[in-house]
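Bear in mind that the values here come from a model prediction, so they are computed numbers and not experimental data.
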Amino acid sequence: QVQLVESGGGLVQDGGSLRLSCAASGRTFSINTMGWYRQAPGKQRDLVAGITSGGRTNYADSVKGRFTISRDNAKNTVYLQMNSLKTEDTAVYYCVVGIPGSKPYWGQGTQVTVSS
């Protein structure tokens, strides 16, 4: 089992920045990929960014150049630095970790609201 605790969401103005954190505990030695998804009201949950244990990253086109995902393997923590935020970035952001041969584990979600 893996437990995930997210932090860093909140209310920010258009053009502002936020940094999300997600700390994993439990069976952390098995974690491979870590990432962030988001879900806006009435929409499906979509990938925002992911990072492998080796540091390879991928991003949704809508956030490329604005968001940066990183991880600290020693702390079992993944971060999402979000700059130049837009109102369309408003959503609940979920941390997810992948373990080979197991289901993915999800965080409880943190609300990010960008006001105009």
Side-chain angles (χ1 to χ4, degrees):
Q1 294 288 338
V2 175
Q3 295 78 43
L4 302 173
V5 177
E6 300 159 349
S7 60
L11 173 65
V12 65
Q13 287 192 326
D14 191 7
S17 297
L18 282 174
R19 189 193 195 206
L20 305 183
S21 299
C22 174
S25 60
R27 193 183 163 194
T28 57
F29 62 90
S30 299
I31 292 175
N32 182 1
T33 57
M34 306 181 83
W36 293 91
Y37 279 69
R38 67 185 180 187
Q39 187 168 21
K43 295 188 177 181
Q44 67 181 20
R45 191 175 297 189
D46 291 324
L47 174 69
V48 176
I51 185 167
T52 67
S53 56
R56 185 162 50 190
T57 60
N58 64 294
Y59 296 93
D61 287 343
S62 59
V63 307
K64 283 181 180 176
R66 300 188 297 122
F67 291 10
T68 302
I69 189 170
S70 61
R71 64 190 283 176
D72 184 333
N73 291 328
K75 295 182 178 179
N76 298 307
T77 300
V78 62
Y79 305 96
L80 186 67
Q81 178 66 44
M82 305 185 293
N83 298 329
S84 302
L85 282 161
K86 305 175 182 180
T87 55
E88 52 262 45
D89 294 318
T90 294
V92 178
Y93 284 70
Y94 296 90
C95 171
V96 62
V97 300
I99 296 177
S102 177
K103 63 175 184 177
Y105 290 89
W106 292 88
Q108 79 282 2
T110 185
Q111 177 70 46
V112 171
T113 302
V114 184
S115 64
S116 59

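- In this structure, W36 and M82 have side chains that are not in contact, with every pair of non-hydrogen atoms separated by 4.5 Å or more.
- Remark: side-chain polar atoms of Y59 are paired, donor with acceptor, to backbone N or O of I69 under 3.5 angstrom.
- Residue Q1 holds its CD atom at 11.5 Å from OG of S30, rounded to the nearest 0.5 Å.
- Using modelled atom types, one finds no donor on one side chain facing an acceptor on the other under 3.5 Å when comparing N58 with R56.
- To the nearest 0.5 Å, the span separating SG on C22 from CD on Q108 amounts to 8.0 Å.
- Nearest heavy-atom pair across S84 and S17 is N-OG, 4.3 Å.
- Taking the six-membered ring for Trp and thresholds of 30 and 60 degrees, F67 and Y93 have ring planes inclined between 30 and 60 degrees apart.
- Comment: D61 engages K64 in a salt bridge, judged by a side-chain N to carboxylate O separation of less than 4.0 angstrom.
- The closest donor-acceptor contact from the side chain of E6 to the backbone of C95 lies under 3.5 Å.
- In terms of heavy-atom proximity, Q111 sits nearest to A91 at NE2-O, 3.4 Å.
- The hydrophobic cluster containing I51 also contains L80, counting ILVMFWY residues as joined when their side-chain heavy atoms lie under 4.5 angstrom apart, directly or transitively.
- R38 is not listed as a side-chain neighbour of T90, based on a closest heavy-atom distance of 4.5 Å or more.
- Note: the hydrophobic cluster containing L20 does not contain V92 (ILVMFWY, side chain heavy atoms under 4.5 Å, direct or indirect links).
- Distance check: T28 OG1 to M34 CE gives 9.0 Å after rounding to the nearest 0.5 Å.
- For the atom pair OH of Y105 and CD1 of I31, the computed distance is 9.5 Å after rounding to the nearest 0.5 Å.
- Around CD of Q13, the count of heavy atoms belonging to other residues, nucleotides or ligands within 6.0 Å does not exceed 12.
- Looking at heavy atoms from C-beta onward, V97 lies out of side-chain contact with R71 at the 4.5 angstrom threshold.
- Between G8 and L18 the shortest heavy-atom distance is O-CD2, 3.8 Å.
- The hydrophobic cluster containing V78 also contains I99, counting ILVMFWY residues as joined when their side-chain heavy atoms lie under 4.5 angstrom apart, directly or transitively.
- For K103, the salt bridge (Lys or Arg N to Asp or Glu O under 4.0 Å) criterion is met by no residue, not counting sequence neighbours.
- Annotation: the span from D14 atom CG to L85 atom CG amounts to 8.5 Å, rounded to 0.5 Å.
- Atom-to-atom distance recorded for N76:CG and S25:OG is 8.5 Å, nearest 0.5 angstrom.
- Annotation: side-chain contact (heavy atoms from CB on, under 4.5 Å) contacts of R19 (sequence neighbours excluded): Y79, Q81.
- L47 is connected to V96 through a chain of hydrophobic side-chain contacts under 4.5 Å among Ile, Leu, Val, Met, Phe, Trp and Tyr, so both are in one cluster.
- A single hydrophobic cluster is not seen to contain both Y37 and V63; linkage of ILVMFWY side chains at heavy-atom distances under 4.5 Å, directly or through other members, places them apart.
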